[in-house]
Amino acid sequence: MTAPPSLEDLYLRMLQIRLIEEELLRAVQDGRVTGSTHLCIGQEAIPVGTCAALGPNDPVVATYRGHGWALSRGVPAEELLAEVFGRDSDLNGGRAGSAYLSGPQYGFYGENSIVGAGVPIALGLAMACNRLGGNRIPVVSIGDGAMNQGNVHESLNMASVLNIPLIVVVENNGYVEMTPSATLTAVPAAARAAAYSIIAMEVDGNDPLAVAATVSDAREAALQKSAPVLVEAHTRRLGGHYSGDAQQYRPAGELEGWRATDPLTLARSQLTSEAAARCEQQAEGAVSAALALAEGMPTPNVEEVMTHVFSG
Amino acid sequence: MTAPPSLEDLYLRMLQIRLIEEELLRAVQDGRVTGSTHLCIGQEAIPVGTCAALGPNDPVVATYRGHGWALSRGVPAEELLAEVFGRDSDLNGGRAGSAYLSGPQYGFYGENSIVGAGVPIALGLAMACNRLGGNRIPVVSIGDGAMNQGNVHESLNMASVLNIPLIVVVENNGYVEMTPSATLTAVPAAARAAAYSIIAMEVDGNDPLAVAATVSDAREAALQKSAPVLVEAHTRRLGGHYSGDAQQYRPAGELEGWRATDPLTLARSQLTSEAAARCEQQAEGAVSAALALAEGMPTPNVEEVMTHVFSG
Amino acid sequence: MSSRVDSSESSYIRAVNQALDDALGADSRVVIYGEDVAIPNGPFGATKGLHDKYGDRVFDTPISESAMIGAALGAAMGGLRPIVEIMYADFLMVAMDQIVNQIANTRYVSEGRLGAPLVIRTQQGSTPGSCAQHSQSLEAMFAHVPGLQIAVPATPQDAYGILRDAASSDDPVMVFESRRLYPTKGAVATGSGLGRVGQADVVRSGTDVTIVTWGTVRAWAEEAADHVSESGISCEVLDLRWISPWDRDAVVESVSKTGHLLVAHEAGRVGGFGAEILSSVVEELGPGLKGARRIGSDPVPMPSSPILSAAVLPSVDRLVAGIHSLLKENVA
Amino acid sequence: MSSRVDSSESSYIRAVNQALDDALGADSRVVIYGEDVAIPNGPFGATKGLHDKYGDRVFDTPISESAMIGAALGAAMGGLRPIVEIMYADFLMVAMDQIVNQIANTRYVSEGRLGAPLVIRTQQGSTPGSCAQHSQSLEAMFAHVPGLQIAVPATPQDAYGILRDAASSDDPVMVFESRRLYPTKGAVATGSGLGRVGQADVVRSGTDVTIVTWGTVRAWAEEAADHVSESGISCEVLDLRWISPWDRDAVVESVSKTGHLLVAHEAGRVGGFGAEILSSVVEELGPGLKGARRIGSDPVPMPSSPILSAAVLPSVDRLVAGIHSLLKENVA
Ligand SMILES: Cc1ncc(C[n+]2csc(CCOP(=O)(O)OP(=O)(O)O)c2C)c(N)n1
Ligand SMILES: Cc1ncc(C[n+]2csc(CCOP(=O)(O)OP(=O)(O)O)c2C)c(N)n1
Ligand SMILES: [Mg+2]
Ligand SMILES: [Mg+2]
């Protein structure tokens, strides 16, 4: 990262993600989306801040809660929406859907619907980047609950002993589906880094500037030490685990309390009202334009359903 | 453990294991054993010391390098030898062989030939002991290299958050097959315990009295805190990874140097020569009697090869 | 069977819930655990109310399927009767070692001195919009492994009865429930299991073609049978319910009568368990068999877009076409 | 094929070693890693000398198969051509998710924008004394998964050629080598692959029975064919070499001629890939088929004691008996 990003720019990006995901929630409810989606409402500062700190060719790998990551890395909103709508998007032609989409042409190497499974893949991307050069470092995002999945553990140790630069962002959002994180994870992510002899950083995941600065440091450290770095970003999931989640497990008042630290609210309060209004107008315009484009895209061609199992 | 065990007794037990395994190595070489075996030569103090500290009904789970564990827990030498010889032993009738044998009637819940896989199983045994009572705590032994297998990680966290008393003994013998441990494991076992918020203890794994004392403490701590405890026992493998290993990867002189800390040599030096001679005579007698019994056992009955896939 | 038939209809998922409740009630060794099964009442509601009723015999675990399933084996060895919920069958893949290399071997390799009386409950299959990693039907992989019992219940009654039989089996059972079928309803007699592991259900009798099926395809097979009956074709429909062990006698008897076999399942056709059944029948009946075919999902990962997944999944139309081509071939 | 035929005979394991050497030499994107493959020269010697020759393109990893195989996918996405060694096929079970849910889906779900050009090399099967967790033949599980290519080479030449073809494939290949066959010898033409993924080898031509086989059973099939030729029975033996894709044309053509099919593999008979082949032939040939049978290991975990494992594994005797019963049945 050469110059730090402007808060206005970050607010705009977060807002676009928020508007897109709110639209998707409506779309699930009114049937435009079939199936469910996992939204990152409340967590937008992490992908937005992270991607602002990345090099132009740094690959990104995310989880099923990955719309924000895809958009932040540069996937066009209309393509993402079309893919979630099951249209013949330029991303994956409706094959991937909300929870498994990818756009490597933008540097987005895909979501993953198996908890933790993106980390070994990112390790491999990191091995490739390390060997092939080009000043690229992959970033993989996982949830806090994924720290208890074996493949994550294996990958962190392997990256450490093989000296592979890689950034692992752990989004600690307080929940593992419907269960509070602390009851399932003996020790939070950053405190586990010592078990792999890797550098850990913690950051307020609701502050996109702080996230950008931390990830920028992490990137530098990873490259300089030729080693993985773990960034634990503390945040709060301001919605259900998935679009159909009634959230009955939440203590009364929790959500209302958490709204005070909504990254959008916080960022907006630091902007002039003109700047905020500018962003809001721009975001709304961009999102409704993308939505119109996406809804105009054709449904996938059933004749081609058997293609691309293999190449050629 | 009520009274600490006597060194003479521990020496005797270690010596029996050593003699049995040296016989097995000859048996592999002269064809009485078909296939290979993984010997614990040099590591005997760990199973012997540990089992001396256990309660009478504490279940033990081991790896493929498990002869010492089986014998220490009480599996009769002739049955173990017969099983390794592929005879119709009372243990597993030749079905298990050297690397996967069990004798639950003795409290030995089995070896395991998949690295790390015994740990989840021991966790489950621990859940059962914890729920069903009887002052029992399982012990599972793994190698240092197994700390990099996902299932071990998952189990340590799960035991921690569920408050399950369990003793995990990590035998750090300096090697992971043919590769030095330190090149593969970023952080040794005991130092990883903090990542699970569990108690760790380290011990000289070539000193059976020290092992017994430490495991006794571990057992007490596990029961009292209702929590898992990790014991890292430092030792040295004084032979190949398996019976056919030519050990070309060893630095010159390593083995010779390591022999100085052979647990048998160390223990013997602390005994009177009468006591040592007594043990040696007794051990040799017991092992040759067991060998004769084992070699006299019949081969398995091929007619029964399909039984016990299911009960009933 | 000391059962009572509920006058009210029950949904499939409610029948599962009742079976778990009754299993906990019947045997104090039963414990239930999984992700979100206790306090949150289960991701699909299978464990609703059970933590409230049975306390710490029903508990939540981290996202650690390998430890969960391995622990089930240890717990079973140690005297409990664990029932583990794996949220989606696709996630079994992260715990495969504990199933294939551990659980399946336990009784045989110990020569019967150890056992693994445990149940792995999961649900599987494609529903519109689900991605390739949440859509597979994986029973064939496990049916290839000696030492596992595999059930694929298709009705609320079977969901209840099979789960009760599984919970009281002395050997490991994997129950592959169906997310698609969770809301479907039917009468459920509760109180005990179906009584015989591995017994097929003769859904309807017929004379021309035997359709052997299980899981989600059972209902489509019935529809297809209705449809072809209009052309005068009489189908016998067998829902296997269990594919390990599977009801070879019932299948062979039926095909001996009809001469034609159609095996249909949602799992991928290539290497699916339909191939085992077809092959066994060929080996058993030889020239007595006039024709046999399989229907299953086409060999692609399951696409998410509903129109795409519909194009590769089995369907009533595909079954009807399969029946016709089977009979036509025979004529030719 | 710019190959040279080595005048000297090579062992199977040496042919693997040569193929890896040549793959590293031919393409700078190739990297090789696994447990003990670099400094210790490989647990079975497959990678002997390669670390010395190619430096850090050949490296050792921790015992972390899930990370190893997942990393292969990422590395392939990122432009490398990884070849990963998994010491025993049984250990694939701890990394199953990365194969089934990740690697297999990559190209299809991304609609071809991502690919997974990688090789997973492993060895499998029972050898006398090996335990149940080191004895399985697991190819059928993977052949059920769309998106994977599966090879099971049986000769030194095929071990070489298939591995070269695998290393230059743009899609994932799992190569199941055979520990039992590692010491066996044969002439090996090096320099390039066999050229066609999925092509069967017609080991011998015959007129009465088609034996379709692969891996360790190939040699037993030849022996059995020799044996029954004394009774005037002429067997055509096909070594499939690949089971995904498999050479349907060659099999159908052969069985069209002989009318009898025996499929034989070391993997478990129940749910083995033999069932897929038998079923496909039945579907294709219908009444043109006079008889079909399968031979595979009996449905038990593999016992360690050599006399027990011999009792459940396929054998020349079992093949001979299978051939006779196939022809007798036909007569009856
Ligand atoms: C291996 C596996 N197990 C279980 C699931 C089901 N699942 C999906 S998301 C999730 C919770 C993940 O929690 P966390 O890692 O904290 O991420 P978050 O959803 O909070 O972003 C679970 C259990 C899964 N997808 N994969
Ligand atoms: C999952 C798995 N991967 C690989 C192996 C092969 N293997 C057997 S022992 C071993 C080394 C284990 O090293 P360590 O844990 O240190 O135990 P030690 O053998 O030194 O006692 C390996 C890699 C295996 N058995 N299981
Ligand atoms: Mg979370
Ligand atoms: Mg070791």
Side-chain angles (χ1 to χ4, degrees), chain B residues 59 61 88-97 100-105 109-110 112-114 116-132 134 136 138 140 149-162 164 166 300 304-312, chain C residues 28-31 33 56-57 59-82 84 94-98 100-118 145-149 169-173 197-198 244-245:
Chain B
V61 173
D88 192 12
S89 85
D90 261 359
L91 294 177
N92 315 118
R95 292 172 172 199
Y100 194 18
L101 58 84
S102 58
Q105 65 273 44
Y109 281 75
N112 206 305
S113 284
I114 302 295
V119 183
I121 295 170
L123 167 62
L125 275 164
M127 285 163 45
C129 292
N130 191 42
R131 182 165 293 277
L132 301 173
R136 295 174 301 142
V140 55
Q149 189 59 230
N151 51 26
V152 175
H153 167 78
E154 294 187 359
S155 302
L156 293 177
N157 176 70
M158 193 159 144
S160 178
V161 295
L162 296 179
I164 307 291
L166 167 68
E304 286 168 14
V305 71
M306 301 300 292
T307 61
H308 295 299
V309 177
F310 296 111
S311 60
Chain C
S28 66
R29 297 170 301 174
V30 172
V31 296
Y33 60 87
D56 69 358
R57 290 174 62 200
F59 55 94
D60 291 314
T61 68
I63 318 175
S64 300
E65 285 83 1
S66 189
M68 287 158 62
I69 292 185
L73 172 55
M77 286 176 173
L80 296 179
R81 295 260 166 168
V84 189
V94 301
M96 196 80 175
D97 173 68
Q98 289 291 341
V100 173
N101 283 325
Q102 312 299 337
I103 290 171
N105 288 333
T106 299
R107 185 175 295 279
Y108 182 81
V109 173
S110 70
E111 214 182 18
R113 294 199 181 272
L114 288 167
L118 61 88
V145 180
L148 303 174
Q149 301 175 102
S169 173
D170 288 333
D171 291 306
V173 181
V197 164
S244 185

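Numbers restart at 1 for each chain; the letters A, B, ... are given by sequence-line order, proteins then strands. Computed over heavy atoms, backbone and side chain alike; hydrogens, waters and symmetry mates excluded.
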*Contact part of B/Ser155 toward chain C, heavy-atom cut-off under 4.5 Å: side chain, backbone, both or neither?*
both
*Taking atom types as modelled and ignoring hydrogens, do the side chains of C/Ser110 and B/Asn92 form a donor-acceptor contact shorter than 3.5 angstrom?*
no
*Can you tell which part of B/Asp88 gets under 4.5 Å to a heavy atom of chain C, answering side chain, backbone, both or neither?*
side chain
_Under the criterion side chain to side chain contact (heavy atoms under 4.5 Å, CB included), I'd like the reasoning laid out for B/Ile121 against C/Gln102: C-alpha separation, chi angles, the key distance, then a yes or no._
CA-CA 9 Å; B/Ile121 295 170; C/Gln102 312 299 337; 3.7 Å; yes
*Which answer fits C/Gln98, side chain, backbone, both or neither, if we ask what part of it has an atom under 4.5 Å from a heavy atom of chain B?*
side chain
_Need one label for B/Ala117: side chain, backbone, both or neither, based on atoms under 4.5 Å from any heavy atom in chain C._
both
_chain C contact via B/Asn151 - which portion, at a heavy-atom distance below 4.5 Å_ = both
*Do you know which of C/Ile103, C/Val94, C/Leu73, C/Asp97 has the most heavy-atom pairs with chain B at a distance under 4.5 angstrom?*
C/Asp97
_Between B/Pro104, B/Ala96, B/Gly124, the one whose heavy-atom pairs under 4.5 Å with chain C are most numerous_ = B/Gly124
*Return the set of residues passing side chain to side chain donor-acceptor pair (under 3.5 Å) with C/Arg57 (not counting sequence neighbours), or none when no residue passes.*
none
*From C/Phe59 atom CZ to B/Met127 atom CE, the distance as rounded to the nearest 0.5 Å*: 3.5 Å
*Minimum heavy-atom distance between B/Asn157 and C/Pro62, given as atom pair plus value*: ND2-CG, 3.6 Å
_Inter-residue atom distance B/Phe310.CZ - C/Gln149.CD, 0.5 Å rounding_ = 5.0 Å
*Region of B/Ser160 that comes under 4.5 Å of a non-hydrogen atom in chain C*: neither
*With sequence neighbours excluded, tell me which residues meet side chain to side chain donor-acceptor pair (under 3.5 Å) with B/Gln149.*
D/Glu65
*B/Ser113, part contacting chain C, at a heavy-atom distance under 4.5 Å*: neither
*Who among C/Ser28, C/Gly78, C/Ala75 has the most heavy-atom pairs with chain B under 4.5 Å?*
C/Ala75
_Heavy-atom pair with the smallest gap, counting every atom of B/Arg95 and C/Val109_ = CB-O, 3.7 Å
*Contact class of C/Leu148 relative to chain B, heavy atoms under 4.5 angstrom*: backbone
*Measure from the side-chain N and O atoms of C/Arg113 to the backbone N and O of B/Asp90, and report whether any donor-acceptor pair falls under 3.5 Å.*
yes
*Would C/Tyr108 and B/Thr307 satisfy side chain to side chain contact (heavy atoms under 4.5 Å, CB included), going step by step from the backbone distance to the final call?*
CA-CA 7 Å; C/Tyr108 182 81; B/Thr307 61; 5.7 Å; no
*If only atom types and distance count, is the side chain of C/Asp170 paired as donor or acceptor with the main-chain N or O of B/Ser311 below 3.5 Å?*
no
*Sort C/Asp60 into side chain, backbone, both or neither according to what part of it lies under 4.5 angstrom from a heavy atom of chain B.*
backbone
_Spacing of NE2 belonging to B/His308 relative to CG belonging to C/Leu114, to within rounding of 0.5 Å_ = 12.0 Å
*Which heavy atom in C/Glu111 sits nearest to a heavy atom in B/Gly93, and how many Å separate them?*
OE1-N, 3.3 Å
*Report the option among B/Val161, B/Leu101, B/Val305, B/Ile164 that has the most heavy-atom pairs separated by less than 4.5 Å from atoms of chain C.*
B/Val305
*Top contributor to chain C contacts, counting heavy-atom pairs under 4.5 Å, from B/Val119, B/Leu125, B/Leu123*: B/Leu125
_Using 0.5 Å steps for rounding, measure from the CG atom of C/Asp56 to the CZ atom of B/Arg131._
4.5 Å
*Looking only at non-hydrogen atoms, find the nearest pair between C/Ala67 and B/Met158 and report the distance.*
CB-SD, 4.0 Å
